[in-house]
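First the structure, in the form of structure tokens, and then the observations on it.
Numbering of residues begins at 1 and proceeds along the displayed sequence. All values below were derived from every heavy atom in this structure, side-chain atoms included, with hydrogens, water molecules and symmetry-related copies excluded.
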Amino acid sequence: DAFLYQNGNTKPVEEKLDAMGITHTTFYNVAPDPTLACAREGAAQMAAFKPDLILAIGGGSAMDAGKIMWVLYEHPEADFQDMAMRFVDIRKRVYTFPKMGEKAYFVAIPTTAGTGSEVTPFAVITDETTGVKYPLADYELLPKMSIVDADMMMDAPKGLTAASGIDAVTHALEAYASMMATDYTDGLALRSLKLIFENLPSAYENGAKDPKARENMANAACMAGMAFANAFLGVCHSMAHKLGAFHHLPHGVANALMIDEVLRFNAAEVPAKMGTFSQYDHPHTLARYAEVADYLKLGGNTDEEKLENLIRAIEKSKANDLSKLIYGLGIRQVGAKTGKVLASAFRNLDGLMAASVEELTEVPDVGAVTAENIYQWFRQEQSAHMVERLRQAGVNFESKRVITDARFAGKTFVLTGALSKFTREEATEKIELLGGKASGSVSKKTSFVVVGENAGSKERKARELGIPILTEDEFLEMMQ
């Protein structure tokens, strides 16, 4: 799309092609919801340039648009309405999709960890005249090669990271519950879910500072794509396409709004509707979801309890703290630290929106310039529109951080080394709930350093400065 191109994301690839003496050109006019008009425009550029290799670089929209352009380039005579014909099983279609790869080799390079389009035989395109989204499906649409490089995803914004992540969660869950699931797709779906639950929070919170989490999310999204490319998806994705097209919501957000209710609907022991595939002789989706909960070690004594634990875990992954929301709005000079201060001072977004410049200036660590930036941002029409869309999407506007007591007030903690009894995120949250602060560097102002295995230089510096060092057990005892 235009943003990725203008932001220089394609430069490494272009420079490599130039170094190899390969002639190339770029089409970058892809919108978030690619249309037939966009695909035809790109196909016309391909017809003029006559490439023998097509590189689709971007998120799901760019890769999907690239697939449709590929079809129109190789088979300009193909009838779109025939290709979009509905069917029950992709492998038993009335319409024969045109043979692909005769003119050009198609390579997909994802820049988000979610859609899985780089390994799927699907493409979603919108008819701009009717507003209808058409999901095209045929194994001829499968890219000939996919390059999953986490370096392409390191700087993805938080909102995109979250929406893409929940999209991948939905892919894996629906593939696992599908009537056409197999042992092969089950393994991919379960491993994908485990990686997402373990790495999405850090990928969201730390971004490029945690490259391993980014890499694991890239792999998880790709595996989820491989799972649903063979087991296929369900009603959540079907409705998400319609909801997203009508309300112009990101696809992952549309999935997030419905997945909990879909899980309960699918888990009904006496379903309102049931497919007629021979290998699906009785409803067993509840048991399948219970298997997912067991694999993720979510607990529960009955299948029903395990389902509710799974839903609660998904809800927890979707929950946001007000401070993160304020930071994520992108207001000038409002970073993560200022977001926490503002959330603590106003307790909800509506209170912050209504605050005057004078009231904002009274907040500790918020200067006159920052206060003016916040005040003006909330009075812009596009900002008000964004906030209203977030409200309608069910985003939390209330602060969940309530200081339970102030035993850590005025104290600063540094966490270092490999922690085994809690994650850094869990420890940081607990420190803040008790009135303290967590820092990433050791200084004379540091009150305590909590060390795990292989603590390294931070532990050495703490000893040099005479700062108290705590083991994990000592830290836990201090919190109790």
Side-chain angles (χ1 to χ4, degrees), residues 154 158 161-162 194-217 296-299 313 316-317 319-328 335-345 364-365 399-480:
M154 286 296 166
K158 285 192 170 186
T161 299
K194 184 174 176 60
L195 284 173
I196 294 169
F197 273 79
E198 290 177 348
N199 293 279
L200 180 55
S202 183
Y204 172 87
E205 187 66 33
N206 301 311
K209 293 178 182 177
D210 191 346
K212 190 62 181 176
R214 284 291 197 196
E215 181 184 12
N216 286 339
M217 281 303 302
L296 297 176
K297 296 180 172 57
L298 299 177
K316 183 179 178 182
S317 72
N320 69 285
D321 185 79
L322 177 61
S323 65
K324 295 178 182 177
L325 172 61
I326 294 170
Y327 169 51
K337 181 180 178 181
T338 305
K340 291 180 180 180
V341 171
L342 291 168
S344 177
D365 299 325
S399 177
K400 295 180 180 178
R401 290 183 179 272
V402 178
I403 296 178
T404 53
D405 65 45
R407 75 180 72 175
F408 288 173
K411 293 182 172 63
T412 301
F413 291 76
V414 171
L415 307 167
T416 184
L419 304 174
S420 61
K421 300 194 174 181
F422 39 76
T423 66
R424 290 176 186 271
E425 185 179 38
E426 290 169 343
T428 298
E429 183 176 7
K430 190 65 176 175
I431 289 167
E432 291 173 350
L433 288 174
L434 294 173
K437 292 182 180 180
S439 175
S441 59
V442 178
S443 71
K444 292 180 180 179
K445 295 181 180 180
T446 303
S447 307
F448 299 97
V449 174
V450 181
V451 300
E453 291 185 13
N454 303 316
S457 61
K458 291 180 182 179
E459 181 181 6
R460 288 195 297 272
K461 186 171 182 180
R463 293 189 185 281
E464 291 170 3
L465 294 173
I467 295 168
I469 294 173
L470 303 175
T471 65
E472 291 183 74
D473 287 332
E474 289 170 334
F475 176 64
L476 289 171
E477 186 178 346
M478 181 182 286
M479 287 193 297
Q480 290 173 357

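- Residues satisfying the salt bridge (charged side-chain N to carboxylate O under 4.0 Å, His left out) test with Lys212, not counting sequence neighbours, are Glu215.
- Between Val451 and Leu419, the shortest heavy-atom distance links the atoms C-CD2, 4.2 Å.
- The shortest side-chain heavy-atom distance between Ile469 and Glu474 does not fall under the 4.5 Å cut-off.
- Atom CG of Leu415 sits about 9.5 Å away from atom CD of Glu472, to the nearest 0.5 Å.
- The CG atom of Asn199 sits 11.0 Å away from the CG atom of Asn206 when rounded to the nearest 0.5 Å.
- Evaluation of the side-chain hydrogen bond (donor to acceptor under 3.5 Å, both in side chains) test over residues 438-450, restricted to residues two or more places apart or in two chains, returns none.
- A side-chain donor-acceptor contact under 3.5 Å links Arg407 to the backbone of Met479.
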Donor-acceptor pairs under 3.5 Å, side chain of residues 452-461 to any protein atom, not counting sequence neighbours: which ones?
{"unit_1": "Lys458", "atom_1": "NZ", "unit_2": "Gly440", "atom_2": "O", "d": "2.7"}
{"unit_1": "Glu459", "atom_1": "OE2", "unit_2": "Arg463", "atom_2": "NH2", "d": "2.8"}
{"unit_1": "Lys461", "atom_1": "NZ", "unit_2": "Val442", "atom_2": "O", "d": "3.1"}

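- Listed by chain and residue number, Lys194 satisfy the side chain to side chain contact (heavy atoms under 4.5 Å, CB included) test with Glu198 (two or more places apart in sequence, or in another chain).
- The side chain to side chain contact (heavy atoms under 4.5 Å, CB included) check on Ile196 picks up Ala168, Val169, Ser192, Leu200, Met217, Ala220, with sequence neighbours excluded.
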Phe408 vs Met478, side chain to side chain contact (heavy atoms under 4.5 Å, CB included): CA-CA, chis, key distance, verdict: CA-CA 10 Å; Phe408 288 173; Met478 181 182 286; 3.7 Å; yes
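- Shown here are the ring pair (Phe, Tyr, Trp, His ring centres under 6.0 Å) partners of Phe475, two or more places apart in sequence or in another chain: Phe413, Phe422.
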